[in-house]
There are 2 protein chains.
Amino acid sequence: MNKKSATIYDISKKLNVSVATVSRALNDHPRISEATKELVRKTAKEMNYKQNNLAKALKSGETKNVGIIVPYVNTNFFSSVIRGIEEELSPHGYHVIICQSHEDVNIEKKHLNTLLNAQVDGIFMSVSKTTTDTEHIQSILDTTNTPIIFFDRKKDIAGISTVTIDDYRGGYIATEHLINEGYRNICHFSGDLNLEIYQNRLNGYKQALIDHKLTVKDENIITTGSSIDAGIDAIKTLWDKKSVPDAIFSSSDFAALGACQELKKRKIKIPQEVAVIGFSNEPFTQFMELPISSVDQTPVTMGKMAGQVFLERVKENSSGISIEKKVILEPQIYIRKSSKRK
Amino acid sequence: MNKKSATIYDISKKLNVSVATVSRALNDHPRISEATKELVRKTAKEMNYKQNNLAKALKSGETKNVGIIVPYVNTNFFSSVIRGIEEELSPHGYHVIICQSHEDVNIEKKHLNTLLNAQVDGIFMSVSKTTTDTEHIQSILDTTNTPIIFFDRKKDIAGISTVTIDDYRGGYIATEHLINEGYRNICHFSGDLNLEIYQNRLNGYKQALIDHKLTVKDENIITTGSSIDAGIDAIKTLWDKKSVPDAIFSSSDFAALGACQELKKRKIKIPQEVAVIGFSNEPFTQFMELPISSVDQTPVTMGKMAGQVFLERVKENSSGISIEKKVILEPQIYIRKSSKRK
DNA sequence: CTGTTAGCGCCTTCAA
DNA sequence: TTGAAGGCGCTAACAG
């Protein structure tokens with residue numbers, strides 16, 4: 001009872017027409033009579049014919065599959081970007097393959113290779129934290145025509161289109177908001193500075209201070225992870241050192257949450273004594289009884305834009321040479337209780 | 001400057017050996033001399049050869065791709081299941097294609113078809129809320145060999161393996177916990193009863209009441225959506241009707257959150273006056289200042305189990321006929337402040 | 001309007 | 001240990 005599905009050959013035999021006719025009828029070719037088309041379609045349905053896209057892809061060179069590589073799929077940010085990409089590309093007949101790098105550049109390399117072997121039509125990726133060297137990506141660019149699109153966590157590589165938010169501006173407006181609320185000794189929890197996004201947020205923070213005649217102090221810049229514990233530890237460190245800020249701009253919502261928890265434990269009032277603003281606008285930030293201010297990265301939009309950039313690239317490709325695109329989205333600041341002194 | 005990638009033909013020409021030799025060398029076939037293997041591998045690397053899995057798949061009938069259909073990818077639950085599936089299957093060389101049904105059975109059907117056309121080796125799915133009729137799924141079972149595996153939101157179809165949690169038990173232990181805490185007039189926020197999971201949670205709730213000699217009251221069973229607003233509305237309805245419970249078991253964490261918000265607004269004390277327990281163990285439940293009790297569905301484990309069921313099925317398939325599996329995972333209750341009276 | 005045929009890249013049986 | 005050749009299912013160029 002092997003249910004092998006019917007091919008166009010089976011249909012052609014049954015109908016005593018050529019496979020070409022069947023293929024054309026199924027593809028609604030203009031020079032096939034309506035009668036045969038109808039007949040072919042009908043028997044195709046009867047025989048439960050399913051087109052084999054593998055064969056089609058082998059012939060055409062297009063699989064209509066794209067790959068996405070992210071550190072982990074079950075985070076609000078990445079899963080939202082994936083949603084955006086899927087919703088943008090699905091109507092155009094593309095399928096989306098997802099791979100997780102687990103923040104490991106070696107796994108990232110492996111996925112890149114297997115995706116290429118699978119003949120995907122394009123690859124979307126956010127590099128892992130351990131991706132310092134980019135030769136493996138450069139070499140794909142040099143030896144294949146497969147477009148690569150970076151989103152959020154990008155690297156500077158000529159010829160690769162990117163979709164990001166303006167993290168510099170995100171850092172700037174978050175900091176400026178704190179300044180406008182009257183805070184003066186603002187501390188920054190930075191993430192992994194190997195990633196451009198965190199560098200940019202840090203730079204935005206610095207510039208906002210400078211523009212408002214506040215001094216940038218090294219002891220106010222703390223490199224933390226993106227976890228609750230990291231935020232807790234950061235507060236402990238600061239208060240142990242008696243280097244006490246009156247506001248915190250955290251590049252991670254989770255670290256911001258940890259900070260809030262630890263401050264509360266120490267009976268330090270938010271936002272009266274210390275204000276807190278995070279980054280990413282994780283769902284939980286607005287659910288808290290003390291809602292946490294945050295900067296939204298508009299991840300679904302980011303995904304859709306990445307999808308669009310890819311679609312444009314595919315079009316261009318079939319008609320000449322293509323230019324890299326740099327899409328920069330505007331971050332959205334959400335001001336909540338944790339940073340409203342007034 | 002067309003960067004067409006090298007094929008085994010290119011290698012065979014360059015080396016003056018047959019393609020068969022190249023193919024075998026690349027696949028580490030035992031009856032090829034080590035010398036030629038070495039040579040082939042070396043030139044393959046030089047020529048930047050990449051195996052075309054499309055051709056391989058066309059020949060072998062295995063794409064090493066599986067499809068996953070979920071309502072939306074950017075929810076904690078579904079993205080975690082996807083993570084589990086990916087992590088289980090990736091080491092075995094599989095890629096994971098994701099599709100979103102948007103809770104629409106017609107989109108679900110379309111995805112099912114395109115996945116089949118793409119020749120995936122298996123399909124994992126959680127049905128949409130609008131999936132009442134299951135003919136489209138049954139017909140795949142009847143006409144193809146592609147295994148389908150339901151997770152969480154399943155339908156009863158002979159021959160389809162399922163991986164779920166014991167929702168009945170989840171409903172039971174959540175309710176029993178409330179009873180043990182001394183609550184007696186327990187209200188249930190049920191989800192869409194077209195889905196088995198919500199029916200089962202409701203039945204578990206009912207049985208727990210019965211087993212503890214409490215009466216099941218119709219007015220205490222409210223069909224709500226799974227949103228914050230749904231929870232808010234439910235509270236409004238209850239209090240307007242003066243049909244006031246002393247505890248709420250919500251089948252959705254979001255509705256539970258909405259309930260908490262509305263109760264707080266009405267100055268009703270949680271858990272002293274009204275206890276609340278939700279379902280899903282969404283990350284935010286534990287972050288709240290008043291953490292919300294919840295029942296965890298162990299989604300990553302669910303995904304891994306689903307992956308295992310698929311792998312077993314693939315093995316069985318190549319050696320005879322296969323039996324459907326029903327994996328039922330134990331739900332984990334997390335008791336937090338929102339339901340601890342004592 | 002329809003048929004014949006080559007070929008996409010790979011694997012694998014049969015033959016040497 | 002290696003080679004020759006067919007075929008996986010489909011499309012498109014070339015013929016009629």
Side-chain angles (χ1 to χ4, degrees), chain A residues 2-41 44 47-65 93 114 116-121 144-145, chain B residues 2-41 44 47-65 93 114 116-121 144-145:
Chain A
N2 201 23
K3 301 164 198 159
K4 252 185 112 274
S5 72
T7 71
I8 50 174
Y9 282 88
D10 301 324
I11 299 176
S12 87
K13 261 174 218 155
K14 186 151 189 177
L15 259 39
N16 270 320
V17 294
S18 74
V19 284
T21 300
V22 176
S23 171
R24 289 194 269 245
L26 257 14
N27 287 309
D28 205 21
H29 191 283
R31 287 192 310 223
I32 296 283
S33 77
E34 207 36 65
T36 27
K37 275 187 192 174
E38 204 47 56
L39 184 64
V40 169
R41 281 195 280 249
M47 300 179 72
N48 220 287
Y49 168 77
K50 296 220 188 308
Q51 186 186 49
N52 186 327
N53 278 335
L54 242 43
K56 189 178 176 180
L58 183 57
K59 185 108 236 294
S60 69
E62 269 196 319
T63 55
K64 289 284 190 173
N65 284 159
T114 60
L116 253 17
N117 290 347
Q119 311 295 121
V120 292
D121 296 341
T144 78
N145 283 315
Chain B
N2 202 24
K3 302 163 197 161
K4 256 186 111 275
S5 74
T7 72
I8 51 173
Y9 281 89
D10 301 324
I11 300 176
S12 88
K13 260 174 219 156
K14 185 153 191 176
L15 259 40
N16 270 322
V17 293
S18 74
V19 285
T21 302
V22 176
S23 171
R24 288 195 267 245
L26 256 14
N27 288 308
D28 204 23
H29 191 286
R31 286 192 312 224
I32 294 285
S33 76
E34 207 38 64
T36 27
K37 276 189 193 173
E38 204 46 57
L39 185 62
V40 169
R41 282 197 279 250
M47 300 178 72
N48 221 285
Y49 168 78
K50 298 220 186 307
Q51 187 184 50
N52 186 328
N53 278 335
L54 242 42
K56 190 178 176 180
L58 183 58
K59 186 108 234 297
S60 69
E62 270 197 321
T63 55
K64 289 286 193 171
N65 284 158
T114 59
L116 253 17
N117 290 347
Q119 310 296 118
V120 292
D121 296 342
T144 78
N145 283 317

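Here is how names work: the chains are called A, B, and so on, in the same order as the sequence lines, proteins then strands, and each is numbered from 1. The shown structure was predicted, so the numbers you read here are calculated from the model rather than taken from an experiment.
- Between A/T36 and C/dT2 there is a side-chain polar atom (N or O) within less than 4.0 angstrom of OP1 or OP2.
- Taking atom CG of residue A/L15 and atom C1' of nucleotide C/dG3, one finds them 15 Å apart after rounding to whole Å.
- As judged by a 4.0 angstrom heavy-atom cut-off over every strand, B/N27 is placed among residues touching the sugar-phosphate backbone only.
- In this structure, B/E62 atom CD and C/dT12 atom P are separated by 11 Å, rounded to whole Å.
- Rounding to whole angstrom units, CZ of residue B/R31 and P of C/dA15 are separated by 14 Å.
- Residue-to-nucleotide proximity on DNA chain D shows that, of B/R24 and B/L58, the 5′-proximal contact is made by B/R24.
- One can find a donor-acceptor pair under 3.5 Å joining the base of C/dC10 and the side-chain atoms of B/Y9.
- Of the possible polar contacts, none joining the A/N117 side chain to the B/N52 backbone as a donor-acceptor pair under 3.5 Å is found.
- Between A/T21 and C/dG3, a side-chain N or O to OP1/OP2 separation shorter than 4.0 Å is present.
- In this structure, the NZ atom of B/K56 is 20 Å from the P atom of C/dC8, given to the nearest Å.
- Of all nucleotides listed (C/dT2, C/dC10, D/dG3), C/dC10 comes nearest to the side chain of B/K59.
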Verdict with supporting geometry, B/D28 and B/K37, side chain to side chain contact (heavy atoms under 4.5 Å, CB included): CA-CA 7 Å; B/D28 204 23; B/K37 276 189 193 173; 2.9 Å; yes
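- Across all strands, B/S60 comes closer than 4.0 Å to no nucleic acid atom at all (heavy-atom distances).
- The phosphate of C/dG3 (OP1 or OP2) has a side-chain N or O of A/S18 nearer than 4.0 angstrom.
- Put simply, the side chain of B/N27 never gets that close to the backbone of B/R24: no donor and acceptor are under 3.5 Å apart.
- Between A/H29 and B/A55, the residue anchored closer to the 5' end of DNA chain C is A/H29, taking for each the nucleotide with the nearest heavy atom.
- For the side chain to side chain donor-acceptor pair (under 3.5 Å) test, residues two or more places apart in sequence or in another chain that qualify with A/T114 are B/H95.
- Note on A/Q51: a side-chain N or O is less than 4.0 Å away from OP1 or OP2 of D/dT11.
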